[in-house]
Student: 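Before I ask anything, let me first share the structure, which is written out below as structure tokens.
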Amino acid sequence: MTDKANNTPVAQDENKLIAERRVKLEKIRSNCSANGFPNDFNREHLAADIQAEHGEKTKEELEELQVTYAIAGRVMAKRGPFLVIQDSSGRIQGYAEKTVQKEIRAKWGSLDIGDIIGIKGILHKSGKGDLYVNMDEYSLLTKSLRPLPEKFHGLSDQETKYRQRYVDLIINEETRNTFKMRSKIVAGIRNFLTQRDFMEVETPMLQIIPGGATAKPFMTHHNTFDLDMYLRIAPELNLKRLVVGGFDRVFEINRSFRNEGISTRHNPEFTMIEFYQAYADFNDMMNLTEEMLRTIAQDVLGTTTIRNTVKNADGEVVEEKFYDLGKPFVRLSMVDAILQYGKEHRAAAHLDEAVLRDPENNFDAIKAMAKAVGVKESSASKVWGPGKYICEIFEEVAEHLLDQPTFITEYPWEVSPLARRNDENSFITDRFEFFVGGRELANGFSELNDAEDQAERFQKQVAEKDAGDDEAMHYDADYITALEYGLPPTAGEGIGIDRLVMLFTDSPTIKDVILFPHMRPEAE
RNA sequence: CGGCCGUUAGCUCAGCUGGUAGAGCAGUUGGCUUUUAACCAAUUUGUCGAAGGUUCAAAUCCUUCACGGCCGACCA
């Protein structure tokens with residue numbers, strides 16, 4: 001099948017400014033080598049390195065040195081004879097004396113903001129104290145045909161920032177920093193785990209049975225097998241198959257896909273790390289999480305205290321929050337969280353501790369309580385048991401209030417189809433979720449390695465699917481087979497990388513930490 | 001999927017209770033030539049998101065649609 005709509009070239013949004021630059025490009029093509037696009041300039045130095053090495057020197061000291069530098073980058077501003085050049089490391093000025101300016105005008109028409117040039121010459125310091133490279137040699141490397149956003153206000157239109165991230169990256173240093181930080185965070189996680197003998201693996205994203213989470217999958221089709229397939233919603237089951245195989249400590253950092261709503265916290269494809277450790281339990285995972293986040297914060301931010309802000313429409317900071325990852329994180333059971341945070345809720349009077357602590361024998365009461373606090377029921381709620389109601393009440397009255405780093409434990413087995421039951425209380429599992437700033441960042445548990453129990457849980461999920469819950473899990477017979485070979489006692493965890501980066505970079509929406517977030521196509 | 005808000009020049013934005021489109025930046029031309037949002041003078045730029053409607057007259061009022069933002073819903 002060919003999709004002509006996506007392959008038809010559409011008329012570019014030409015305007016006068018672009019036309020003027022095309023005229024200049026014609027001139028450059030005829031006056032310069034390589035038809036105007038040379039690739040023989042040898043860039044030898046970065047702006048930031050030069051600034052670091054010579055920024056503190058006096059004008060006179062520099063004149064004595066007479067050092068030559070070869071820089072290249074994008075022209076970001078013109079100030080008389082000075083050109084502000086931006087490269088991947090930072091900015092430094094170039095200086096065009098009058099004869100050079102005349103020469104440029106004759107050969108290139110004129111230099112535009114956005115053009116990419118190479119400059120080689122002696123480094124000086126200006127009267128106002130800024131370093132500049134004299135344009136002893138220079139070459140126009142790439143003519144920019146499109147005008148950049150205005151130099152002072154920059155690019156603030158969010159739609160353009162997301163649709164044309166390349167423009168956002170040219171213009172906004174905060175955007176560049178966010179994605180540099182993201183790279184460092186991922187590298188930090190990788191280091192942390194590999195130092196602890198975890199092995200990085202890659203498992204299929206195309207799956208026949210999407211498993212490992214309750215979510216709606218994307219569907220696709222494999223032509224050769226003539227087989228419907230799904231994009232994975234989680235790597236979980238394959239990673240545990242690897243633990244069965246004897247890889248005791250594995251992790252995978254990559255995308256999962258869920259065919260659900262888009263919001264400030266949700267993108268249809270998102271990056272998770274999942275890691276599994278044999279002969280460990282969920283308490284070990286919580287300890288590991290604390291240590292990992294602490295280490296990464298220290299390595300990436302240079303501090304364990306993270307500052308997040310709330311801004312108003314004008315971009316002014318109206319609220320500041322600090323999260324100290326250096327302190328032990330709060331650990332609270334789900335029911336305790338309901339009782340503690342529910343005090344502020346408008347329906348607080350309905351939160352009866354005796355009922356919450358024994359929901360199985362108070363099913364009607366827990367249902368009434370859920371209704372009182374505002375839990376909305378749907379057609380799928382026919383199959384809800386007491387555990388699901390507890391979880392719904394928690395989400396309604398407590399979850400969004402979990403600001404400081406908090407582990408919530410004691411998730412009911414009913415909402416945890418892959419987690420191990422607690423030994424003392426079979427109503428709950430050895431599971432936790434981790435929250436910061438009202439956002440869920442991680443989910444971990446001691447793994448259910450009892451094949452027969454797992455088979456029963458899958459059957460219950462299938463019943464829920466048949467009852468109309470299209471997010472319920474499929475029965476994965478091969479996974480049961482794998483468990484029958486024997487999964488050692490194991491604990492595992494998934495951390496949402498995008499949300500973690502949001503926390504570390506003080507980003508209010510997930511689109512700010514994803515280079516190319518999904519948007520509806522623009523109308524033609 | 002629902003509520004509210006937005007969409008005007010390449011960018012950032014004005015444009016009032018309807019009277020026929022503006023500023024700064026950048027662009028063009030010239031000047032200046034160690035500037036820092038460089039400066040000085042002159043000057044160009046528009047399908048006012050799209051389509052209907054009301055009106056003598058619509059960027060402005062009404063309707064529908066598109067896209068975006070925020071908040072809900074779903075979820076991670």
Side-chain angles (χ1 to χ4, degrees), chain A residues 13-21 23-24 59 75-84 91 93-102 105 109-114 124-132 134 144-164 167-168 170-171 212-216 233-234 256-272 274 311-313 374 376 378 380 395 399-400 433-435 439-443 469-471 494-500 502 508-511 517 519-524:
Chain A
D13 48 334
E14 293 288 329
N15 62 42
K16 190 181 165 189
L17 298 178
I18 295 172
E20 281 168 355
R21 291 187 180 207
V23 170
K24 289 179 193 171
K59 196 170 161 65
V75 177
M76 296 305 291
K78 298 190 284 183
R79 296 172 189 146
F82 291 92
L83 302 172
V84 177
R91 291 180 167 197
Q93 295 193 114
Y95 179 75
E97 57 179 8
K98 209 158 184 174
T99 53
V100 172
Q101 290 174 51
K102 283 200 169 136
R105 192 158 269 275
S110 65
L111 201 55
D112 284 304
I113 289 170
H124 301 277
K125 197 162 216 179
S126 75
K128 296 285 169 67
D130 252 16
L131 294 176
Y132 65 86
N134 197 59
S144 172
L145 294 174
R146 287 177 179 264
L148 286 173
E150 194 229 343
K151 63 190 171 193
F152 187 61
H153 297 94
L155 176 67
S156 60
D157 181 65
Q158 287 194 63
E159 189 170 350
T160 310
K161 278 164 65 82
Y162 300 145
R163 287 194 198 277
Q164 294 179 274
V167 178
D168 187 27
I170 291 169
I171 294 294
T214 51
K216 294 189 204 92
I233 54 177
S256 288
F257 306 84
R258 298 187 187 175
N259 205 341
E260 289 160 1
I262 291 179
S263 78
T264 50
R265 291 172 295 279
H266 300 89
N267 195 59
E269 54 181 297
F270 64 103
T271 302
M272 264 204 302
E274 286 202 5
K311 294 185 178 125
N312 65 14
K376 287 168 199 70
S378 66
E395 287 174 12
E399 191 180 88
H400 61 285
E433 287 196 0
F434 177 59
F435 299 85
R439 289 194 286 257
E440 183 198 331
L441 250 65
N443 176 20
D469 182 356
D470 52 4
E471 283 169 13
I495 302 176
I497 297 292
D498 310 284
R499 290 181 181 179
L500 185 64
M502 286 169 72
T509 106
I510 200 169
K511 287 189 168 83
M519 310 275 279
R520 273 202 160 86
E522 285 175 288
E524 287 186 24

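Residue numbering restarts at 1 for every chain, and letters A, B, ... go by the order of the sequence lines.
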Student: Whole Å only: how far is the CZ atom of A/R105 from the P atom of B/G27?
Tutor: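 Going from CZ in A/R105 over to P in B/G27 covers 10 Å.
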
Student: Contact class for A/N267 (heavy atom, under 4.0 Å): base, sugar-phosphate, or nothing?
Tutor: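 The residue A/N267 makes base contact.
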
Student: Would you indicate what A/G494 reaches in the nucleic acid, counting non-hydrogen atoms under 4.0 angstrom: base, sugar-phosphate, or nothing?
Tutor: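 No contact.
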
Student: Got a second to check how far A/D112's CG is from A/K24's NZ, nearest 0.5 Å?
Tutor: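 Rounded to the nearest 0.5 Å, the CG-NZ separation comes out at 3.0 Å.
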
Student: Scan A/D157 against the nucleic acid and name what it touches under 4.0 Å (heavy atoms): base, sugar-phosphate only, or nothing.
Tutor: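 Contact class for A/D157: sugar-phosphate only.
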
Student: Please name the pair of heavy atoms, one in A/R163 and one in A/R520, separated by the smallest distance, quoted to 0.1 Å.
Tutor: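 Shortest heavy-atom contact: NH1-O, 2.6 Å.
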
Student: Which is true for A/T509 with a 4.0 Å heavy-atom rule: it touches a base, it touches only sugar-phosphate, or it touches nothing?
Tutor: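 Sugar-phosphate contact only.
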
Student: Atom CE of A/M519 to atom C1' of B/A66: distance rounded to whole Å?
Tutor: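 In whole Å, B/A66 C1' and A/M519 CE are 13 Å from each other.
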
Student: Atom CG in A/L148, atom CD1 in A/I113: separation rounded to 0.5 Å?
Tutor: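 So the CG of A/L148 and the CD1 of A/I113 are separated by 7.5 Å.
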
Student: So which nucleotide from B/A76, B/U12, B/U36 ends up closest to the side chain of A/R258?
Tutor: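 Looking only at heavy atoms from C-beta outward on A/R258, the closest nucleotide is B/A76.
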
Student: Using atom P of each nucleotide, how far apart are B/U7 and B/U17 to the nearest Å?
Tutor: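 15 Å, rounded to whole Å.
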
Student: Need the pair for B/U20. Rule: Watson-Crick or G-U wobble, both distances under 3.5 Å, any strand; none if unpaired.
Tutor: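 WC or wobble partner does not exist here.
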
Student: Indicate, with a heavy-atom threshold strictly under 4.0 Å, whether A/K216 touches base, sugar-phosphate, or nothing.
Tutor: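 Sugar-phosphate only.
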
Student: Would you say a side-chain N or O of A/K151 is under 4.0 Å from OP1 or OP2 of B/G27?
Tutor: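 No, A/K151 has no side-chain N/O under 4.0 Å of OP1/OP2 on B/G27.
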
Student: Take the protein atom CZ of A/R21 and the nucleotide atom C1' of B/U28, then report the distance between them rounded to whole Å.
Tutor: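 The distance from CZ of A/R21 to C1' of B/U28 comes to 13 Å, rounded to the nearest Å.
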
Student: Could you tell me whether the side chain of A/K216 and the main chain of A/N259 form a donor-acceptor pair under 3.5 Å?
Tutor: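 Pair absent, no side-chain N/O of A/K216 close to backbone of A/N259.
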
Student: Base, sugar-phosphate, or nothing: which does A/Y162 touch, judged by heavy atoms less than 4.0 Å apart?
Tutor: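 Sugar-phosphate contact only - A/Y162 comes under 4.0 Å of backbone atoms but never of a base.
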
Student: In terms of relative ring orientation, are A/Y132 and A/F82 parallel, tilted or perpendicular, with 30° and 60° separating the classes?
Tutor: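 Because their plane-to-plane angle is over 60°, the rings of A/Y132 and A/F82 count as perpendicular.
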
Student: Which atom names give the shortest non-hydrogen contact between A/R21 and A/L145, and what distance separates them?
Tutor: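 Here A/R21 and A/L145 meet closest at CD-O, 3.4 Å.
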
Student: Which nucleotide sits closest to the side chain of A/E150: B/A26, B/C70, B/C11?
Tutor: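 So the side chain of A/E150 is nearest to B/C11.
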
Student: Heavy atoms from C-beta onward define the side chain here; which of B/A26, B/A38, B/C70 lies closest to that of A/T264?
Tutor: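 Ranking B/A26, B/A38, B/C70 by closest atom to the A/T264 side chain puts B/C70 first.
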
Student: CE of A/M76 versus P of B/U36: gap in Å, rounded?
Tutor: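 Checked: the CE to P distance equals 18 Å.
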
Student: Reckon A/K511 has a side-chain N or O less than 4.0 Å from the OP1 or OP2 of B/G69?
Tutor: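 Answer yes for this pair, as a side-chain N or O of A/K511 is under 4.0 Å from OP1 or OP2.
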
Student: What interatomic distance, in whole Å, is found between C1' of B/U63 and the corresponding atom of B/U55?
Tutor: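 Result for the C1' pair: 16 Å, nearest Å.
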
Student: Pick the P atom in B/U47 and in B/A51, then give their distance to the nearest Å.
Tutor: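 The answer is 12 Å between these two P atoms.
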
Student: So which one's nearest nucleotide on RNA chain B is more toward 5', A/H124 or A/E433?
Tutor: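 The residue whose closest nucleotide sits nearer the 5' end is A/H124.
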
Student: Per the atom types in the model, does the base of B/U35 pair as donor or acceptor with the side chain of A/Q93 at under 3.5 Å?
Tutor: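 Result: at least one qualifying N/O pair found.
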
Student: What about A/E159, does its side chain sit under 3.5 Å from the base of B/U7 through a donor-acceptor pair?
Tutor: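 No.
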
Student: Within this structure, what is the CG-to-P distance between A/L111 and B/U28, rounded to whole angstrom?
Tutor: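 Atom CG in A/L111 sits about 10 Å away from atom P in B/U28.
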
Student: Between B/A14 and B/U60, how far apart are the two C1' atoms, rounded to whole Å?
Tutor: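 Their C1' atoms lie roughly 14 Å apart.
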
Student: If you look at every strand shown and take non-hydrogen atoms under 4.0 Å, does A/G496 touch a base, only sugar-phosphate, or nothing?
Tutor: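 Touches nothing.
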
Student: Could you tell me how far B/G6 sits from B/C62 if I compare only their P atoms? Round to whole Å.
Tutor: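 Taking atom P in both B/C62 and B/G6, they lie 11 Å apart.
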
Student: Assign A/R499 to base, sugar-phosphate, or nothing according to its heavy-atom contacts below 4.0 angstrom with the strands shown.
Tutor: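 Base: the residue A/R499, judged by heavy atoms under 4.0 Å, touches a nucleobase.
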
Student: Using heavy atoms to find the nearest nucleotide of RNA chain B for A/P147 and A/V84 separately, return the residue whose nucleotide is more 5′.
Tutor: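 Its nearest nucleotide being more 5', the pick is A/P147.
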
Student: Using a cut-off of 4.0 Å on non-hydrogen atoms, how would the nucleic acid contact of A/K24 be classed: base, sugar-phosphate, or nothing?
Tutor: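 Here A/K24 touches the backbone only, sparing every base.
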
Student: Rounded to the nearest 0.5 Å, what separates atom CG in A/L500 from atom CZ in A/R439?
Tutor: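 Separation between the atoms: 10.5 Å.
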
Student: What integer number of Å spans the C1' atoms of B/A73 and B/G3?
Tutor: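 Each nucleotide's C1' atom is 11 Å from the other's.
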
Student: Kindly say if A/S263 contacts the phosphate of B/A76, meaning a side-chain N or O under 4.0 Å from OP1 or OP2.
Tutor: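 So the side-chain polar atoms of A/S263 never come under 4.0 Å of the phosphate oxygens OP1 or OP2 of B/A76.
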
Student: Any base atoms under 4.0 Å from A/S110, or only sugar-phosphate, or nothing? Heavy atoms, all strands.
Tutor: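 Sugar-phosphate, no base atom in range.
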
Student: Expressed in angstrom and rounded to an integer, what is the separation of A/L148 atom CG from B/A37 atom P?
Tutor: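 That distance rounds to 18 Å.
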
Student: If the cut-off is 4.0 Å, is A/R79 near the phosphate of B/A38, judged by side-chain N/O to OP1 or OP2?
Tutor: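 Yes, within the criterion.
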
Student: Looking at B/U35, does its base get a donor-acceptor pair with the side chain of A/Y132 below 3.5 Å?
Tutor: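 A donor-acceptor contact between them is absent.
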
Student: Give the minimum heavy-atom separation between A/I18 and A/P147, together with the two atoms involved.
Tutor: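 The answer is CG1-CD, 4.1 Å.
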
Student: Output the single nucleotide from B/U12, B/U36, B/U28 whose closest atom is nearest the side chain of A/H153.
Tutor: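 That would be B/U12.
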
Student: Starting at atom CG of A/D130, determine the distance to atom P of B/A37, rounded to an integer number of angstrom.
Tutor: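 From A/D130 CG to B/A37 P: 10 Å.
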
Student: Paired with B/U34: which nucleotide, if any, by Watson-Crick or G-U wobble criteria at under 3.5 Å for both distances?
Tutor: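 By the stated definition (distances under 3.5 Å), nothing pairs with B/U34.
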
Student: Provide the distance between the two C1' atoms, one in B/A26 and one in B/C39, to the nearest whole Å.
Tutor: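 Nearest-Å result for B/A26 against B/C39 at atom C1': 16 Å.
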
Student: For atom C1', what is the distance between B/C25 and B/U36, given to the nearest Å?
Tutor: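 Here B/C25 and B/U36 have their C1' atoms 16 Å from each other.
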
Student: Is A/S156 near enough to B/C13 that one of its side-chain N or O atoms lies under 4.0 angstrom from OP1 or OP2?
Tutor: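 Looking at the OP1 and OP2 atoms of B/C13, one of them is under 4.0 Å from a side-chain N or O of A/S156.
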
Student: Check this one for me: any side-chain N or O of A/K78 less than 4.0 Å away from OP1 or OP2 of B/C25?
Tutor: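 Checking B/C25 against A/K78, no side-chain N or O comes under 4.0 Å of OP1 or OP2.
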
Student: If you measure from NZ on A/K151 to CD1 on A/I171, what distance do you get to the nearest 0.5 Å?
Tutor: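 Spacing of NZ (A/K151) from CD1 (A/I171) equals 12.0 Å.
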
Student: Tell me what A/R91 touches on the nucleic acid: a base, only sugar-phosphate, or nothing, going by heavy atoms under 4.0 Å.
Tutor: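 Contact class for A/R91: none.
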
Student: Suppose we define a pair by two distances each less than 3.5 Å, Watson-Crick or G-U wobble; what does B/U63 pair with here?
Tutor: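 Paired with B/A51.
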
Student: In whole angstrom, give the distance that lies between atom NZ of A/K16 and atom C1' of B/G46.
Tutor: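 Going from A/K16 (NZ) to B/G46 (C1'), I get 12 Å.
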
Student: If you take all heavy atoms of A/I495 and A/A442, which pair is closest and at what distance?
Tutor: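 Between these two residues, the closest heavy atoms are CG1-CB, 3.8 Å.
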
Student: Using Watson-Crick or G-U wobble geometry with both distances under 3.5 Å, which nucleotide pairs with B/C1?
Tutor: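 Paired with B/G72.
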
Student: Considering just the side-chain nitrogens and oxygens of A/S126, establish if one lies under 4.0 Å of OP1 or OP2 belonging to B/U35.
Tutor: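 A/S126 to B/U35 OP1/OP2: no side-chain N or O under 4.0 Å.
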
